[in-house]
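Step one of this worksheet: look at the structure below.
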Amino acid sequence: MMQSGPGMGQQLPQQYQQPPSQQPYVMMQPQLQAQPAVWSQSAQPPQQPANADKVRTLWIGDLQYWMDENYLYTCFGQTGEVTSLKVIRNKQTSQSEGYGFIEFNSRATTERMLQTYNGAIMPNGGQSYRLNWATFSAGERSSRQDDGPDHAIFVGDLAIDVTDYLLQETFRARYNSVKGAKVVIDRLTGRSKGYGFVRFADESEQMRAMTEMQGVLCSTRPMRIGPATNKNPAATTQ
DNA sequence: CATGAGCGT
């Protein structure tokens with residue numbers, strides 16, 4: 001039942017266990033002595049480095065409307081490390097907005113969950129998890145893991161079974177600078193909309209792929225490549 | 001044919 005890792009120097013006795021269905025939100029967190037809470041709404045400059053050891057919540061998107069808290073608990077609750085989860089709903093229609101939040105008992109757990117589940121196939125079989133770190137205020141959400149600007153291309157004519165991973169690997173086999181790929185998912189059906197995006201770190205590889213990958217087979221259909229509108233407003237991060 | 005991305009009491 002209770003795991004204790006002797007290898008890790010964890011000194012926080014986390015022995016409180018509670019059913020997640022009773023309390024929808026558990027905001028109580030043991031405050032670490034070594035690190036004061038810096039994310040209160042005091043006069044903090046927005047130039048805060050995003051170390052954020054206290055972030056234990058994942059954002060999950062591309063949820064279908066029937067995917068409620070019970071479904072998410074089926075997905076994540078078996079680990080016994082979920083402290084709270086919630087699906088955001090429209091207040092008028094009480095319909096799911098297609099995203100939610102999952103909070104775990106530690107940052108290490110959260111990180112492990114992100115790497116384990118992100119991109120994996122969801123139990124319904126039709127789509128893969130879309131997970132990311134949750135942000136607690138608008139402003140940090142645009143920062144992605146990257147070490148430079150990304151150059152994206154539009155990829156259409158995708159077969160419906162093409163996943164992020166397959167699309168990514170199809171390009172990564174020929175281009176080293178592929179940073180990621182995303183297949184756009186229809187929230188109503190949870191299935192692919194038939195197009196997606198591939199991001200490159202190297203602009204020259206992006207240019208090459210625009211012509212070289214034109215008509216190349218991905219799964220069962222030849223791809224149609226086009227330019228992608230850049231949604232990143234020229235982040236000049238040095 | 002088509003252009004993603006959505007952050008809460």
Side-chain angles (χ1 to χ4, degrees), chain A residues 20 22-29 39-41 46 50 52 54-65 67-69 72 82-104 110 114 118-119 122 127-146 149-160 162-165 167-168 171 178-200 206 209-210 214 218 221-233 235:
Chain A
Q22 297 301 323
Q23 299 180 358
Y25 275 98
V26 183
M27 292 299 288
M28 42 169 56
Q29 295 179 357
W39 51 295
S40 59
Q41 59 273 28
K54 300 152 202 68
V55 176
R56 295 165 185 168
T57 306
L58 291 183
W59 179 91
I60 182 170
D62 282 352
L63 295 178
Q64 293 179 244
Y65 292 114
M67 295 175 174
D68 54 3
E69 285 84 354
L72 291 182
V82 173
T83 56
S84 75
L85 49 80
K86 185 175 185 62
V87 172
I88 304 305
R89 290 186 173 80
N90 185 290
K91 281 195 167 60
Q92 288 84 19
T93 66
S94 72
Q95 194 178 33
S96 169
E97 294 282 358
Y99 67 92
F101 298 93
I102 311 165
E103 186 186 90
F104 298 93
T110 310
L114 177 61
N118 201 14
M122 298 180 79
Q127 63 187 103
S128 53
Y129 289 102
R130 177 99 57 207
L131 293 167
N132 208 337
W133 290 102
T135 60
F136 39 86
S137 68
E140 205 174 330
R141 100 175 85 123
S142 62
S143 68
R144 324 217 69 207
Q145 51 94 18
D146 56 351
D150 53 312
H151 309 279
I153 63 173
F154 173 88
V155 183
D157 272 354
L158 292 177
I160 60 166
V162 173
T163 62
D164 292 359
Y165 182 77
L167 184 61
Q168 170 178 304
F171 281 81
V178 170
K179 297 168 66 178
K182 183 165 77 167
V183 176
V184 178
I185 299 298
D186 187 345
R187 223 181 265 160
L188 289 170
T189 64
R191 296 193 178 274
S192 166
K193 280 188 173 179
Y195 63 90
F197 299 89
V198 180
R199 295 181 295 117
F200 298 84
Q206 173 207 21
M210 292 264 289
Q214 197 74 248
C218 184
R221 295 180 64 183
M223 295 178 290
R224 173 188 294 267
I225 313 294
T229 61
N230 193 6
K231 301 182 78 78
N232 201 349

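Here the structure is a predicted model, which is why all the values come from computation and not from measurement. Throughout, a chain's letter reflects where its sequence line sits, starting with A, and its residues are numbered from 1. Because only heavy atoms are used, hydrogens play no part in the values below, and waters and symmetry mates are left out as well, while side chains stay in.
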Side-chain N or O of A:Lys91 closer than 4.0 Å to phosphate OP1/OP2 of B:dT9: yes
Between C1' of B:dA5 and NZ of A:Lys179, the distance in whole Å: 16 Å
Atom-pair distance (CG on A:Leu85; P on B:dT9), nearest Å: 15 Å
Short side-chain N/O contact to B:dC1 OP1/OP2 from A:Arg224, under 4.0 Å: yes
A:Arg224 atom CZ, neighbour heavy-atom count above 12 within 6.0 Å: no
Integer-rounded Å distance: B:dT9 C1' and A:Ile88 CD1: 9 Å
Spacing between A:Asp186 atom CG and B:dG6 atom C1', to the nearest angstrom: 14 Å
Ring-base stacking, A:Phe101 with B:dG8 (5.5 Å, 30° cut-offs): yes
Rounded distance (Å) that lies between atom C1' of B:dG4 and atom OH of A:Tyr99: 17 Å
All ring-ring contact (aromatic ring centres under 6.0 Å, His included) counterparts of A:Phe197, not counting sequence neighbours: A:Phe154
For A:Phe171, ring-ring contact (aromatic ring centres under 6.0 Å, His included) partners two or more places apart: none
Closest to the A:Tyr195 side chain, choosing from B:dC7, B:dG4, B:dG8: B:dG4
Spacing between A:His151 atom NE2 and B:dG4 atom C1', to the nearest angstrom: 17 Å
Partner of A:Asp164 by side chain to side chain donor-acceptor pair (under 3.5 Å), out of A:Gln127, A:Lys182, A:Arg130: A:Arg130
Atom pair distance, as rounded to whole Å: NZ in A:Lys182 and P in B:dA2: 19 Å
Ring-base stacking, A:Phe197 with B:dG4 (5.5 Å, 30° cut-offs): yes
Rounded distance in Å - CZ (A:Phe154) to P (B:dA5): 13 Å
For A:Ser96, the option from A:Ile88, A:Asp68, A:Val87 that meets side chain to side chain contact (heavy atoms under 4.5 Å, CB included): A:Val87
A:Leu158 vs A:Ile60, nearer the 5' end of DNA chain B by closest nucleotide: A:Leu158
A:Asp157 (side chain) and B:dA2 (base): donor-acceptor pair under 3.5 Å: yes
Glycosidic conformation of B:dG6, taking syn as within 90° of 0 and anti otherwise: syn
